[in-house]
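Just below is one structure, and these are the notes that go with it.
Numbering of ligands and ligand atoms starts at 1, following listing order. These figures come from a predicted structure and were not determined experimentally.
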Amino acid sequence: MIIDGKSIAEKIKNDLKTEILELKSKGIIPTLAVVLVGENSASKIYVRNKKKACEEIGIYSEEFNLPENTSEDELIDLIEKLNSNSDINGILVQLPLPLHINEKKIAEAIDPIKDVDVFNPINTGRLISGDTTLIPCTPKGIAELFDYEKISLKGKHCVIIGRSNIVGKPLAMLMLQKDATVTICHSKTKNLEKICQNADIIIAAIGKPKFITKNMVKNGCVIIDVGINRNKDGTICGDADFDEVKDIASYITPVPGGVGPMTIAMLLENTIITTKMQNNIDIKKGEI
Ligand code: GUN
């Protein structure tokens, strides 16, 4: 079964529209600041898509485009201004940043209550200790896919390939909270094929096209593909060899149209959550 992330994301966005109308009736306009430094062409596309998604559902977004030679201090100055501006509910600094800027310092500069990406280590620490109010967008999108498809994680062996701060590490915490037994694999892992053969769920966040092949997948395995890779002909493919593994897997997410649209939907949801936090409005349990 192919998990249709695109249509699930559309449903979530529709539900968020109602929430936004409610906020607007209280005089609150959810507002996201989107900061882009430099000329990375992929980042420009991501930022455009995020802004478009905001517009679609009624979140106001303000874009800040800074030149490549912006200093770390200048970027931190902007973030501090956005932190203290009560009209701004969420702050997103698109990664990667130019090499002369320390991404960790930038993440730490964003006020945790406006941290829609959930990159500030204060929020990471909260997540590790079981507070799931704010969850990074991609891990949260993946958890929502499991919920929508009613795939239980209880006692399942979940193999995550990739240990990034954005996906692999927070995702492992989240899967653990949902009672999965979690293995995190990475470029130095030995016997990866054997580990994968034992997995009930494989979540691939490697960044290598068609890396997951049929010899790695047991019958009925759930495959969640976080990869976005470009083929030589310009088309996009995931980290799994979709055609080779789709008939062995019980569920699989396609690329495009799987995890990607969910990540954006979760950015919108996180913006609504931070807006509510700043206005002391309760966050309903079902939302997280
Ligand atoms: N670059 C790649 N993924 C992301 C993301 O989720 N958020 C931001 N801000 N930058 C990214």
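When all heavy atoms of Asp225 and Gly238 are compared, the closest pair comes out as OD2-CA, 3.3 Å.
Put simply, the side chain of Leu95 reaches to within 4.5 Å of the side chain of Ile166, judged on heavy atoms.
The protein residues lying under 4.0 angstrom from ligand 1, judged by non-hydrogen atoms, are Lys50, Leu92, Val93, Gln94, Leu95, Asp117, Phe119.
Salt-bridge check for Glu19 with Lys276: passed, with a basic side-chain N closer than 4.0 Å to an acidic carboxylate O. Salt-bridge check for Lys105 with Glu108: failed, with every basic side-chain N at 4.0 Å or more from each acidic carboxylate O. With respect to Lys218 and Asp200, a salt bridge is recorded, a charged nitrogen being found less than 4.0 Å from a carboxylate O.
Checked against side chain to side chain donor-acceptor pair (under 3.5 Å), Ser7 has the following partners two or more places apart in sequence or in another chain: Asp4.
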